[in-house]
Peer 1: 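Input: one structure, supplied below.
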Amino acid sequence: MARVQVSEAEKVYILHGIRDDLRVDGRGCEDYRHMEIETDVVSNTDGSAKVTLGHTAVLVGVKAEIGKPRPTVPTEGYLEFFVDCSANATPEFEGRGGEELGTELSNTLYKVFNNKRSIDLKSLCICAGEHCWVLYVDVLLLQCDGNLYDAISVAIKAALFNTKIPKVHISSDDEGGKEIELSDDPYDCMRLNVENVPCIVTLCKVGHRHVVDATLQEKACSVASLIISVTHKGTITCMRKVGGGSLDPESIFEMTEAGKRVGKALHAPLMKLLEQEESLGKKRQKVYTCFPGLPLVSPQPPREESGAK
Amino acid sequence: MAADMRLPTIRKTVSLSASAFDRKDLVVPGDVITSDTGFMRGHGTYVDDDKLTASVAGEVQRVDKLICVRPLKTRFNGEVGDVVVGRITEVQQKRWKVETNSRLDSVLLLSSVNLPGGELRRRSAEDELTMREYLQEGDLISAEVQSVFMDGALSLHTRSLKYGKLGQGVLVQLSPSLIKRQKTHFHNLPCGASIILGNNGFVWLYPTPGQQEEEAGGFYTSLEPVSLSDREVISRLRNCLLALAAHKVLLYDTSVLYCYESSLQHQVKDILKPEVMEEIVMLTHQKLLEQEG
Amino acid sequence: MAGLELLSDQGYRLDGRKATELRKLQARMGVFTQADGSAYLEQGNTKALAVVYGPHEMRGSRSRTLHDRAVINCQYSMATFSTAERKRRPHGDRKSTEMSLHLKQTFEAAVMTQLYPRSQIDIYVKILQSDGGNYSVCVNAATLAVIDAGIPMRDYVCACTVGFVDETPLADLCYAEESGGVSSLALALLPRGGQIALLQMDARLHQDHLETLIEAAMTACKGVSKVLDEVVRQHLQEASVLTGE
């Protein structure tokens with residue numbers, strides 16, 4: 001992550017605040033920052049979503065392509081992840097600077113999302129052993145202000161909800177081979193069931209307590225964090241400890257319980273919001289594809305009729 | 001405890017009265033300001049073919065014969081006497097490098113700081129070796145600009161009791177153009193906290209120190225826990241500052257105070273929600289207009 | 001030759017535009033708060049996001065510091081989902097490196113770097129959706145971002161890609177036209193002085209047509225500059241009103 005420097009006195013201040021359940025911005029230890037979610041933001045993908053969590057901004061695009069299934073599981077499709085830590089977020093990510101973080105993030109995403117319990121991978125199969133859908137999930141980090149995992153997981157869930165995979169008709173051609181036809185109708189598509197897709201909750205241990213949705217300053221005061229992926233039923237599907245410090249078993253247990261509670265509470269409002277957005281349909285006022293902020297300007301370019309001939 | 005999720009909306013900026021539009025003289029890069037050669041050129045302009053042309057997008061300011069263009073947003077351009085809040089990035093030989101949101105890191109020379117205890121003596125080699133005991137990487141300081149080097153880097157000094165290392169508190173990083181120039185930048189707000197409005201856009205909020213700590217000389221920092229009520233005041237002020245900055249309101253002690261008062265009806269963590277921010281800034285505007293006339 | 005006609009007999013192109021018509025240009029400045037300057041620009045279906053950090057102290061290799069001017073550091077990259085066929089690497093390939101160098105060259109001509117000795121200005125451009133004219137859209141977006149950051153420039157830098165088909169210059173090419181074998185020329189212009197910051201062509205073109213093509217490119221760039229000007233003025237009006245007492 002982008003590093004911020006914090007002085008010793010600031011660390012003490014933050015530590016004491018968290019101990020008293022009053023963080024620097026007035027939140028409690030288990031409160032999230034203001035989150036904004038929008039789907040269908042990039043037009044040449046099959047599904048996309050943009051999530052803004054405080055100042056962290058993440059853009060996810062899903063492209064569905066036809067590929068060969070894995071030999072060990074011929075009746076299932078699969079997901080491929082790629083996280084691009086762009087230099088836009090912070091100059092430290094210029095060139096190859098963001099690769100390490102990107103690889104770490106995508107490895108975790110593989111573990112959390114690419115399994116049959118999160119997504120019905122069998123529905124991605126076209127022809128057992130020969131053809132299947134491969135969903136390429138590309139994550140683009142636009143701004144970094146802490147808590148990347150949570151923002152990315154919400155964005156992935158929203159993007160998968162938004163993904164429309166074209167329906168496929170298999171016909172046999174003259175030589176006995178199979179021909180795959182994609183249906184031309186843009187509304188004739190398959191949607192994914194994202195009910196079981198988990199959301200990731202990052203809990204940072206600061207002092208003796210833990211916080212959810214840590215900012216970069218709070219992260220600089222914590223020694224270790226726990227990353228938990230939780231489904232809507234409250235089941236934990238994946239857990240990982242990151243950071244150089246050590247955690248004792250009681251705190252891991254406490255943090256796990258808190259993570260379950262917080263994670264479970266994320267799903268219901270998210271699904272409601274996604275369904276609400278979908279129901280607005282054409283009437284939805286797209287916030288200029290990506291960016292809220294100042295009102296948009298769209299002057300018409302001048303029609304140059306008498307140009308050079 | 002639940003996360004606040006919503007669909008994004010196009011945010012409207014708080015609009016002022018229409019008369020504010022007329023008196024602004026706004027230019028963009030490449031605009032010719034004047035062809036009269038009698039004027040001197042200041043920041044943000046250049047001379048092209050005897051014509052004074054703007055090089056940034058902003059407002060034209062004329063002071064007698066000097067014309068300069070002030071851009072909306074820029075890095076801090078320090079002048080002698082400015083109060084800044086900065087973070088130490090490096091400890092070099094006989095000086096510290098300080099990050100102050102300007103185009104080059106500022107410099108704090110060993111000879112420009114007060115030694116603990118207020119001694120006045122020549123700095124020895126031992127002082128050089130123990131520089132890290134005074135100020136380390138990551139520490140925050142408040143200082144004044146002593147001079148400006150040829151390449152634009154600032155030289156700072158803390159040779160007064162009110163400057164020095166900062167203790168417990170919260171730093172808010174904003175744009176320098178939002179800070180109003182005033183006689184003093186250190187304020188003890190009546191709501192129960194103190195604020196340092198650095199000219200470089202860094203604002204420091206801290207609990208008002210008690211009487212006995214005044215003579216510390218800048219290097220002693222108390223690590224005692226700050227009381228919960230003070231914390232709430234500081235958090236509320238921080239959120240108010242962010243709300244004012246998001247709506248591009250000029251920051252000075254009065255505007256911050258009015259914003260604080262207008263925000264009392266909301267919970268501290270709700271202040272950062274877009275509609276609450278709008279409401280609070282509107283109320284602050286109204287109060288400011290009433291007060292001014 | 002069967003296939004799509006790049007310019008029909010009535011003078012309409014593949015997307016219904018006339019030969020000298022530009023695509024619809026929409027832009028917004030100041031989209032990110034953490035960077036010094038940022039802008040988002042759409043030209044037709046090509047979308048680019050530009051972010052500027054600086055001027056700031058030189059990071060990384062101190063040896064590259066110039067004692068009399070600022071160093072401009074550019075990076076061009078494309079989002080992996082920006083093209084119809086998914087790109088495997090966002091940057092680091094030869095094309096991106098070449099584009100980054102071109103951007104650097106373009107902005108060194110316009111930004112007044114001698115005001116900031118020993119510092120560094122970073123310009124990062126990301127293509128979110130690619131539909132032709134990538135270089136031009138990047139330059140236009142980066143101009144807005146540099147203006148948003150308050151960095152002095154001599155003039156706007158406007159760019160446009162033009163092509164030559166059937167004795168007619170086509171302004172602002174889209175991807176279908178670029179890949180349809182049109183001789184394309186990319187031009188970056190400082191509109192007021194009419195000075196060219198960058199000129200690039202990689203196709204065969206008869207010498208007689210060169211002047212016409214450059215003229216067409218310059219006219220198109222001037223059209224782009226009018227739109228960018230409107231965007232900047234509007235942004236100024238909105239953002240500056242509130243700063244006043």
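Here is the naming used below: chain letters follow the sequence lines, and residue numbers restart at 1 for every chain. Everything numeric in this text was worked out from a predicted model, so none of it was measured.
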Peer 1: Let me know if Asp68(C) has heavy atoms under 4.5 Å from chain B in its side chain, its backbone, both or neither.
Peer 2: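 Looking at Asp68(C), nothing touches chain B.
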Peer 1: Starting at CG of Leu104(B), measure out to NE2 of His56(C) and round the result to the nearest 0.5 Å.
Peer 2: 10.5 Å
Peer 1: Relative to chain C, which segment of Asp31(B) carries a heavy atom at a distance below 4.5 Å: side chain, backbone, both, or neither?
Peer 2: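 Both backbone and side chain.
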Peer 1: Looking only at heavy atoms, which two atoms of Leu236(C) and Val27(B) are closest? And how far apart?
Peer 2: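 Heavy-atom minimum between the residues: CD1-O, 3.5 Å.
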Peer 1: Any salt bridge between Lys73(B) and Asp36(C), counting N to O under 4.0 Å?
Peer 2: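 Between Asp36(C) and Lys73(B) there is no salt bridge, as every charged N stays at least 4.0 Å from the carboxylate O atoms.
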Peer 1: How about Val28(B) and Ile147(C): do any of their side-chain heavy atoms sit closer than 4.5 Å?
Peer 2: no
Peer 1: Can you confirm whether His235(C) sits close enough to Leu72(B) that some side-chain heavy atom of one is under 4.5 Å from a side-chain heavy atom of the other?
Peer 2: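 They are in contact (side-chain heavy atoms under 4.5 Å apart), so the answer is yes.
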Peer 1: So which part of Arg192(C) gets closer than 4.5 Å to some heavy atom of chain B, the side chain, the backbone, both or neither?
Peer 2: side chain
Peer 1: Are there over 12 heavy-atom neighbours, none belonging to Gln92(B), within less than 6.0 Å of that residue's CD?
Peer 2: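 For Gln92(B), atom CD is crowded (more than 12 foreign heavy atoms under 6.0 Å).
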Peer 1: Nearest heavy-atom pair of Gln237(C) and Leu26(B): which atoms, and what distance?
Peer 2: OE1-CD1, 3.6 Å
Peer 1: Let me know if Ile151(C) has heavy atoms under 4.5 Å from chain B in its side chain, its backbone, both or neither.
Peer 2: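 Backbone only.
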Peer 1: So how far is it from Thr100(B) OG1 to Glu57(C) CD, rounded to the nearest 0.5 Å?
Peer 2: 10.0 Å
Peer 1: Select one option (side chain, backbone, both, neither) describing which atoms of Ser102(B) are under 4.5 Å from chain C's heavy atoms.
Peer 2: backbone
Peer 1: Just so I understand: if I count every heavy-atom pair under 4.5 Å between each of Val69(B), Thr53(B), Asp105(B) and chain C, which residue has the most?
Peer 2: Asp105(B)
Peer 1: What's the spacing between Arg75(B) CZ and Ile121(C) CD1 if we round to 0.5 Å?
Peer 2: 10.0 Å
Peer 1: Do you know which of Pro71(B), Ala54(B), Ala57(B) has the most heavy-atom pairs with chain C at a distance under 4.5 angstrom?
Peer 2: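 Looking at each of Pro71(B), Ala54(B), Ala57(B) in turn, Ala57(B) comes out on top.
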Peer 1: For Glu275(B), look at atom CD and say whether over 12 heavy atoms of other residues, nucleotides or ligands are found less than 6.0 Å away.
Peer 2: yes
Peer 1: Would the distance check show the side chain of Tyr46(B) and the main-chain N or O of Arg154(C) forming a donor-acceptor pair, the cut-off being under 3.5 Å?
Peer 2: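 The answer is yes, because a donor-acceptor pair under 3.5 Å joins these two groups.
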Peer 1: Is it true that atom NE2 of His187(B) has more than 12 heavy atoms of other residues, nucleotides or ligands lying nearer than 6.0 Å?
Peer 2: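 Counting other residues, nucleotides and ligands, NE2 of His187(B) exceeds 12 neighbours.
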